[in-house]
2 protein chains.
Amino acid sequence: MNISDASRDSGLPAKTIRYYEDIGLVKPGRLENGYRDYSDDDLHKLRFLQRSRGLGFSVEDCRVLLSLYEDRNRASADVKQIAKTHLVEIERKIAELQSLQKTLSHLVDACQGDHRPHCPIINDLAG
Amino acid sequence: MNISDASRDSGLPAKTIRYYEDIGLVKPGRLENGYRDYSDDDLHKLRFLQRSRGLGFSVEDCRVLLSLYEDRNRASADVKQIAKTHLVEIERKIAELQSLQKTLSHLVDACQGDHRPHCPIINDLAG
DNA sequence: CATAGAGGTTCCAGCAACTGGAAGGTCAAG
DNA sequence: CTTGACCTTCCAGTTGCTGGAACCTCTATG
């Protein structure tokens, strides 16, 4: 299966698939003409990557998750640890963004938004 | 005032201050020995940048906000528009992260996290 | 006066995770 | 034979810094 079919199948752009090969995540075989040739196993990995990236795991996390995916002797504790750490980070980001949202929405509400220069947003930024 | 004092005053790392100069945000004068020399006006701008970056505005937004800050004839509507757009983006990110959080926390809860290979997280990622 | 250390300067490289584009090889259809 | 759609590699750019090397300058001290 060539790269554009692999792209359709996995939902990843061809550019991204090549990039994943560059960094050693999924290394397909090659045909005589030099074209990449994706096996079923490669396709599983690409789909796995698509989904784990979609859940916001870093590429390095994905690398580890992929190796756990392939490890029939894995301990689920190892997977859970990665996911938990990621979850904590997501929760931290949510809290951070909610704090920004609170501040900004107050400022936006307080601003008249007219042709005049007076602006609580600018005043706040000016400190 | 030299760069390390400007750094202390603004809360920005010296490296960042030099970077802001590189990209044309705050251009201090120079002393005879080549050292940067920050005026009160420069310091106001640096503080303004520190705060607007702290609210998550992009550097390009900050550039526009800074010019509005200096424009005595600004329309507050222009400021408000930038802030509103940013706010919408923040809210979009919050929603996205909350969706990830929901999925991930379910998966983490469902995983035993023991020495055995069975893992709902991996199963989900595998599709 | 020599020197050590704490500043300052410039410039180059690298981070994450791709993405775009150029230059060129390959293949099937008309 | 040519067109067009594939494929290949490689290089550069994105965002917003950050680290480091190599070198200059100033101040204090022996």
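All of these numbers come straight from a predicted model, not from anything done at the bench. Note on naming: letters A, B, ... go to the chains in the order of the sequence lines (proteins, then strands), and numbering restarts at 1 for each one.
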Rounded to whole angstrom units, what separation is found between the [atom1] atom of [X] and the [atom2] atom of [N]?
X       : N      : atom1 : atom2 : value
B:Asp37 : C:dG8  : CG    : P     : 12 Å
B:Leu46 : D:dC17 : CG    : P     : 12 Å
A:Ile17 : D:dT8  : CD1   : C1'   : 15 Å
B:Asp22 : C:dT10 : CG    : P     : 8 Å
A:Met1  : D:dC7  : CE    : C1'   : 16 Å
A:Tyr19 : C:dG20 : OH    : P     : 15 Å
A:Arg36 : D:dC6  : CZ    : P     : 16 Å
A:Glu89 : C:dA16 : CD    : P     : 14 Å

Fill in: Side-chain heavy atoms of B:Leu104 within contact of A:Phe57, under 4.5 Å
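A side-chain contact exists here, since the closest heavy-atom pair is under 4.5 Å.
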Fill in: Non-hydrogen side-chain atoms of B:Lys80 and A:Gln112 separated by less than 4.5 Å
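Counting from C-beta outward, B:Lys80 and A:Gln112 never come under 4.5 Å.
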Discussion item. Nearest heavy atom decides the nucleotide; on that basis, is B:Glu60 or B:Glu32 closer to the 5' end of DNA chain D?
Written reply: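 The residue mapped nearer the 5' terminus is B:Glu60.
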Worksheet item: Closer than 4.0 Å, any side-chain N/O of A:Ser58 to the OP1 or OP2 of C:dA16?
Response: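 Looking at the OP1 and OP2 atoms of C:dA16, neither is under 4.0 Å from any side-chain N or O of A:Ser58.
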Discussion item. Taking only side-chain N and O atoms of A:Thr16, does any of them lie within less than 4.0 angstrom of OP1 or OP2 on C:dT19?
Written reply: yes
Item to complete: State whether the distance check finds a donor on one side and an acceptor on the other, under 3.5 Å, for side chain B:Tyr20 versus base D:dG16.
Response: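 By the distance-only test, no, there is no pair.
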Discussion item. I'd like to know if B:Lys15 reaches the base of D:dG16 with its side chain, counting only an N/O donor and acceptor under 3.5 Å.
Written reply: no
The side chain of [X] lies closest to which of these nucleotides: [options]?
X       : options                : value
A:Tyr35 : C:dT26, C:dT10, C:dA17 : C:dT26
A:Asn33 : C:dG7, D:dT18, C:dT26  : C:dT26
A:Arg30 : C:dT19, D:dT8, D:dG16  : D:dT8
A:Ser4  : C:dT10, D:dC7, D:dG16  : D:dC7

Worksheet item: Thinking salt bridges, do B:Arg47 and B:Asp9 make one under a 4.0 Å N-O criterion?
Response: yes
Discussion item. If the threshold is 4.0 Å, N to carboxylate O, is there a salt bridge linking B:Arg18 and B:Glu21?
Written reply: no
Discussion item. What's A:Arg18 touching, base or sugar-phosphate or nothing? Going by heavy atoms closer than 4.0 Å.
Written reply: base
Worksheet item: Using a cut-off of 4.0 Å on non-hydrogen atoms, how would the nucleic acid contact of B:Ile23 be classed: base, sugar-phosphate, or nothing?
Response: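 Contact class for B:Ile23: none.
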Worksheet item: Do A:His118 and B:Ser76 pass the side-chain contact (heavy atoms from CB on, under 4.5 Å) test, and can you show the C-alpha distance, the side-chain angles, and the key distance before you say yes or no?
Response: CA-CA 6 Å; A:His118 170 72; B:Ser76 66; over 6 Å; no
